[in-house]
Protein chains: 2
Amino acid sequence: MQKDVTIYDLARELNLSPATISRGLKKSNVLNKDTVNRILDKAEEMGYRHNNFASNLRNKRTQTIGIIVPRLNSYFMTSVLAGIEDIASKEGYNIIISQSLEKKELEKSNVHTMFNKRVDGLLISLAYDTKDIDHLQPFFDKQIPVVFFDRAFPTEHSTCVVINNHEAAYKAVKHLIEQGCKRIMHLAGNQLRDVYTDRLNGYKQALEENNIAFDDQLVHICKLGEQDGIEAADAILSMQPEERPDAVFCANDISAVYCMSRLKENGIKIPEDIAFAGFNNDAVSRVVEPKLTTIDYPGYNIGEAAASGLINILKGDITMIKTTKLVLQASLLVRDSSKRQKK
Amino acid sequence: MQKDVTIYDLARELNLSPATISRGLKKSNVLNKDTVNRILDKAEEMGYRHNNFASNLRNKRTQTIGIIVPRLNSYFMTSVLAGIEDIASKEGYNIIISQSLEKKELEKSNVHTMFNKRVDGLLISLAYDTKDIDHLQPFFDKQIPVVFFDRAFPTEHSTCVVINNHEAAYKAVKHLIEQGCKRIMHLAGNQLRDVYTDRLNGYKQALEENNIAFDDQLVHICKLGEQDGIEAADAILSMQPEERPDAVFCANDISAVYCMSRLKENGIKIPEDIAFAGFNNDAVSRVVEPKLTTIDYPGYNIGEAAASGLINILKGDITMIKTTKLVLQASLLVRDSSKRQKK
DNA sequence: TTGTAAGCGTTATCAA
DNA sequence: TTGATAACGCTTACAA
């Protein structure tokens, strides 16, 4: 491994001081324009590369943003990341990513790692079973800004970027009711997470406004995985036909799709017997048959908003700090799985 | 932002030298066991955290592995990542990830960034249209090890970890032939990538061994996206019924699923009229109806193999350097989309 | 407009 | 088993 070129090497070659080289490399306009160009050319020629470690050590800033997400395997999450990356790179920040795989313990250790890597700020969407945010205390203590997105935790310490889950769920359920459904089941997520309680409440509100009694037998709280969808279907199949729901509103697409398929395999007609609506606009929602009515979750926008929010705080923009909650719009996508009325 | 605790602070508190503290913190067994414990306790107590920058600056190693992938949005890729992450973290390496989004230019700039971040080694799966690996030259020049996985490039410089795409494709097509298919279309990927040429060749071999003439009218080279699947379906629909293929073998699942759906919408029966086989075992292959016969691509294992390969090289294990190519097994998953024979 | 010099926190080498 | 010291490469206050 040959030796790296440093500013000292450039200094020697150009008969300048290291300080001048350092200024030249960041195009300081206190320098002679000509000197700057000579420095840049020489750097190029000699294959100089900036040493972040030395510079971070000196600056006590890393220009790095940490991101912790439950999982990277959804279209939603990769869109969020794309949004974050765009903003971050435009502003000269690097990002490091880690997954909690929905486990609090792993999230905790990821937070610890991010802290030790001295990220300038943290973007986080909480794991399924995270009950408190004690593990973020080191960040709060050191006043390193933390921005929550999607799966947030109510706190005074941080900004969060979310969508109006209540309203989105309300719209989906209202739509099902408009299609003539009266007995609507809800596959709900972990009630520790605001995103899922809000969806449940939106569901309740839609029922109430349409004078449909809420029946907690029809709410299944689960992990919203493939298996959970299948189990919900089996539960429906084991009911007396007259007790069965005539629609299912699922808090995500995966569980909806698997539930739907299982029912279809057992002779239930979608949407005639049971209509379906999901949440997220995942790829699977467009592949399943009939195509799944769902909520378009604006991942890219959420990522953008979260990243700009964080960077504004880092830059000392106080107005942003006061915006503790940023709510983005999500829209209903009506597809065949819920279309019962031919007009 | 309060000041960080350094080894000097610990040294002062414990009446030891910074050197001793440094040793203690990494549990050097040259030290008195008791001293080590006192140091660790004090560090904990004072909230010391290790400064990677100082340490990297000193060591000229970053303990970081760079990963560049085309996209993070497939089950395959996230499995690969999981495999890499497991091995890397076990060995004390951190990872940084970036996406080329299938674009050579972006890949180039990602490589550049990784180089500047001084990763100890690079794991890369090439973008769709990368024609050469000149952009990796800085790594080769500096002898920083590069390991290709999945989408590799034939070169003497590097190890690569792949599956036997030829054999996997051969098995899939042979299976279709065994189901009685005689006119098999192939949706192929960019022939710049070995993975796709190998699949095409496997397809050819299966035809040949079964005395089916190769017909290049039946090979559609495309980007294997949703739209490409749909277009292939339209092409089939525009053929005279007797000219139509009786099976389609697609180089990935996405294109297969969209092609299949379009044909179904137009009254073609799967698998009776046209049987289907895909590649990758993506989530969609299990959601579509009928479920798609496909090749199980062992992402996790590929990730593990690539990461261990790289780390072995970093540790100076010469035997690994000689293993320029590591080939993993992939197996055929037969599902309803290709089952024509009832036994 | 450029130079001098100190310091960021850690670790390897040598000495004790 | 522990300590002293120099070095890693960059930045910046201050001086020229």
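To find a chain, count down the sequence lines: A is the first, B the second, and so on, and within it residues start at 1. In this text, all values refer to a predicted model and were calculated from it rather than measured experimentally.
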Undergrad: In whole angstrom, what separates A:Phe53's CZ from D:dC10's P?
TA: 12 Å
Undergrad: If you compare every side-chain N and O of B:Ser55 against the phosphate oxygens of C:dT11 (OP1, OP2), does one of them come in below 4.0 Å?
TA: yes
Undergrad: Ignoring the backbone of B:Ile7, work out which of C:dT10, D:dT1, C:dT1 is nearest its side chain.
TA: C:dT10
Undergrad: Is the base of C:dC8 touched by the side chain of B:Tyr8 through a donor-acceptor pair closer than 3.5 angstrom?
TA: no
Undergrad: Check the distance between C:dT11's C1' and B:Asn52's CG and give it to me in whole angstrom.
TA: 14 Å
Undergrad: Please work out which residues in residues 12-19 of chain A have a non-hydrogen atom less than 4.0 Å from an atom of DNA chain D and list them by number.
TA: A:Ala19
Undergrad: Can you tell me the distance, in whole Å, between the NZ atom of B:Lys33 and the P atom of D:dT1?
TA: 11 Å
Undergrad: Does anything in residues 88-98 of chain B pair up under salt bridge (charged side-chain N to carboxylate O under 4.0 Å, His left out), and if so which pairs, sequence neighbours excluded?
TA: B:Glu91-B:Lys315
Undergrad: Select one nucleotide: of C:dT10, C:dT2, D:dG9, the one nearest the side-chain heavy atoms of A:Thr35.
TA: C:dT2
Undergrad: Are side-chain N/O atoms of B:Thr155 and B:Ser158 paired as donor and acceptor at under 3.5 Å?
TA: no
Undergrad: Figure out the CG/P separation between A:Asn116 and C:dT10, and round it to whole Å.
TA: 11 Å
Undergrad: Closer than 4.0 Å, any side-chain N/O of A:Lys60 to the OP1 or OP2 of C:dG7?
TA: no
Undergrad: Both B:Val30 and A:Arg23 contact DNA chain D. Taking the nearest nucleotide for each, which residue is further toward the 5' end?
TA: B:Val30
Undergrad: Using a 3.5 Å distance criterion without hydrogens, assess whether the side chain of B:Asn190 forms a donor-acceptor pair with backbone atoms of B:Tyr128.
TA: yes
Undergrad: Looking at B:Glu105, B:Lys104, B:Glu107, which one forms a side chain to side chain donor-acceptor pair (under 3.5 Å) with B:Thr130?
TA: B:Glu107
Undergrad: For the pair made of CD1 in B:Ile39 and C1' in C:dT10, what is the distance, rounded to whole Å?
TA: 14 Å
Undergrad: Do B:Lys42 and B:Glu45 sit within salt-bridge range, that is, some charged N less than 4.0 Å from a carboxylate O?
TA: yes
Undergrad: Heavy atoms under 4.0 Å, any strand shown: does A:Asn59 hit a base, just sugar-phosphate, or nothing?
TA: sugar-phosphate
Undergrad: Decide yes or no, distance alone: a donor-acceptor N/O pair under 3.5 angstrom between the base of D:dG9 and the side-chain of A:Arg49.
TA: no
Undergrad: Salt-bridged, B:Arg12 to B:Asp9, with N to O below 4.0 Å?
TA: yes
Undergrad: C:dT2, C:dG9, C:dT11: which one has an atom nearest the side-chain heavy atoms of B:Asn51?
TA: C:dG9
Undergrad: Do A:Asp120 and A:Arg61 meet the salt-bridge criterion of a basic N to acidic O distance under 4.0 Å?
TA: no
Undergrad: NA contact type, B:Lys26, heavy-atom cut-off 4.0 Å: base, sugar-phosphate, or nothing?
TA: sugar-phosphate
Undergrad: Take atom CG of A:Asp34 and atom P of C:dT1, then tell me their distance rounded to the nearest Å.
TA: 12 Å
Undergrad: Does A:Arg38 get its side chain close enough to the base of C:dT2, under 3.5 Å, for a donor-acceptor pair?
TA: no
Undergrad: How many Å lie between CD on B:Gln63 and C1' on C:dT10, as a whole number?
TA: 14 Å
Undergrad: Select base, sugar-phosphate, or nothing to describe what B:Ser22 touches, counting heavy atoms under 4.0 Å on all strands.
TA: base
Undergrad: Could you state the NE2-C1' distance from B:His50 to C:dT10, rounded to the nearest angstrom?
TA: 7 Å
Undergrad: Between B:Asp134 and B:Lys108, does any NZ, NE, NH1 or NH2 come within less than 4.0 Å of an OD or OE carboxylate oxygen?
TA: no
Undergrad: Output the single nucleotide from D:dG9, D:dT2, C:dT10 whose closest atom is nearest the side chain of B:Leu57.
TA: D:dG9
